[in-house]
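Just below is one structure, and these are the notes that go with it.
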Amino acid sequence: MPKGNGGRHVEIRLQPWPKTIPEAIETQRRLRGRIRTVDDAEHAVRTVAGVDVAYERDGDRLAAAAVVLDYASLEVVETSTVIATAEFPYEPGLFAFRELPALVEALRELATTPDLIVCDGHGLAHPRRFGLACHLGLLADVPTFGVAKTVFVGEFVPPASRRGAWSPLTVGDEGWGNGENIGAVVRTRDGVKPVFVSVGHRISLDTARAHTITLSRHARLPETTRRADHLSREVLAGRISPSVGR
DNA sequence: GCGACAG
DNA sequence: ATCTTGTCGC
């Protein structure tokens, strides 16, 4: 019965977490088939969470933050932060294996299960169609999508300069419109650089794009990632104590 | 072979 | 991601 709302805690298990590049790639290939790119039957989104990780310039300490907002007011409802150590090197295409352990820890500490999670990075717009947003969506079994600041894979035509304008992000398209659509290049504010939106899990691209516009009411990036980004940096800097770790 | 490469 | 001053514009 507790689907989305009213749920108690985000339940996630990491199972044997990959330690090597080959293992990580194999894990993505094994899990990508489970991704669902359609909206859930129930649409109501009352709470939305943003997640992000801040890194120490030298050393391997990191701070992960999960911020839950009330979708309608964009007011903070709850936050959770974790100080941890980076166990996986940054590798383009495998960056979920570096950030997810800490993010999952932070999500577990939340008292409520958000109806949606917005990730800082790509979902399907990934070399193997399994970016961080897809991976987190599957592990948490919560609707997710990613909003990245730069393109990773795919081609696109710059969208018009007005807020709301967008163009498809495609791959395998040599100019004849026969490629596959892996995301959307969205202009969240008039005249700013566009962001790259792609589905994570249990959501459609159209819905993810609509949420991106709604959540980017005050800036180029969604309020969710802005809040999570800021909080993770404050915790890493020691100006705010983490709810987990020390 | 060479360069590119989410954060 | 992180390192960095000033600067242009609403």
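Naming: A, B, ... by sequence-line order, numbering from 1 per chain.
- Remark: the A:D60 side chain and the A:T85 side chain contain no N/O donor-acceptor pair separated by less than 3.5 Å.
- Here B:dG7 is the nucleotide among B:dG7, C:dC3, B:dA6 with the atom lying nearest to any side-chain atom of A:D120.
- Look at CZ on A:F97: it is 20 Å from P on C:dA1, rounded to the nearest Å.
- At the phosphate of B:dG7, neither OP1 nor OP2 sits under 4.0 Å from any side-chain N or O atom of A:Y55.
- No contact: A:A125 has no heavy atom under 4.0 Å from any strand.
- Considering only side-chain N and O atoms, A:R98 lies nowhere under 4.0 angstrom from the phosphate OP1 or OP2 of B:dA6.
- Remark: P of B:dA4 and CG of A:L94 are 20 Å apart, rounded to the nearest angstrom.
- Not one side-chain nitrogen or oxygen of A:T150 sits closer than 4.0 Å to the OP1 or OP2 atom of B:dC5.
- The minimum heavy-atom distance linking A:V186 with A:R209 is given by the pair CG2-CG, 3.8 Å.
- In this structure, CZ of A:F88 is placed 16 Å from P of B:dA6, rounded to the nearest angstrom.
- Note on ring orientation: taking the six-membered ring where Trp is involved, the planes of A:F130 and A:H135 are tilted (angle from 30° to 60°).
- When heavy atoms are screened at a 4.0 angstrom cut-off, A:L132 is found touching base atoms of the nucleic acid.
- Aromatic ring orientation, A:F196 versus A:F156: perpendicular (interplanar angle above 60°, classes split at 30° and 60°).
- Residue A:K149 places none of its side-chain N or O atoms closer than 4.0 Å to OP1 or OP2 of B:dA6.
- The nearest whole Å value for the distance from the CZ atom in A:R128 to the P atom in B:dA6 is 13 Å.
- If you check every strand for non-hydrogen atoms under 4.0 Å, A:R189 touches nothing.
- As judged by a 4.0 angstrom heavy-atom cut-off over every strand, A:G146 is placed among residues making no nucleic acid contact.
- Taking atom CG of A:D52 as the reference point, atom C1' of C:dT2 lies 13 Å away to the nearest angstrom.
- The OH-P distance, from A:Y90 to B:dA6, rounds to 4 Å in whole Å.
- Of all heavy-atom pairs between A:P143 and A:R202, the closest is CB-O, 3.6 Å.
- Put simply, CZ on A:F95 is 21 Å from P on B:dA4, counting in whole angstrom units.
- Using a 4.0 Å heavy-atom criterion, one finds that A:V151 contacts the sugar-phosphate atoms exclusively.
- Put simply, CD on A:E155 is 14 Å from P on B:dC5, counting in whole angstrom units.
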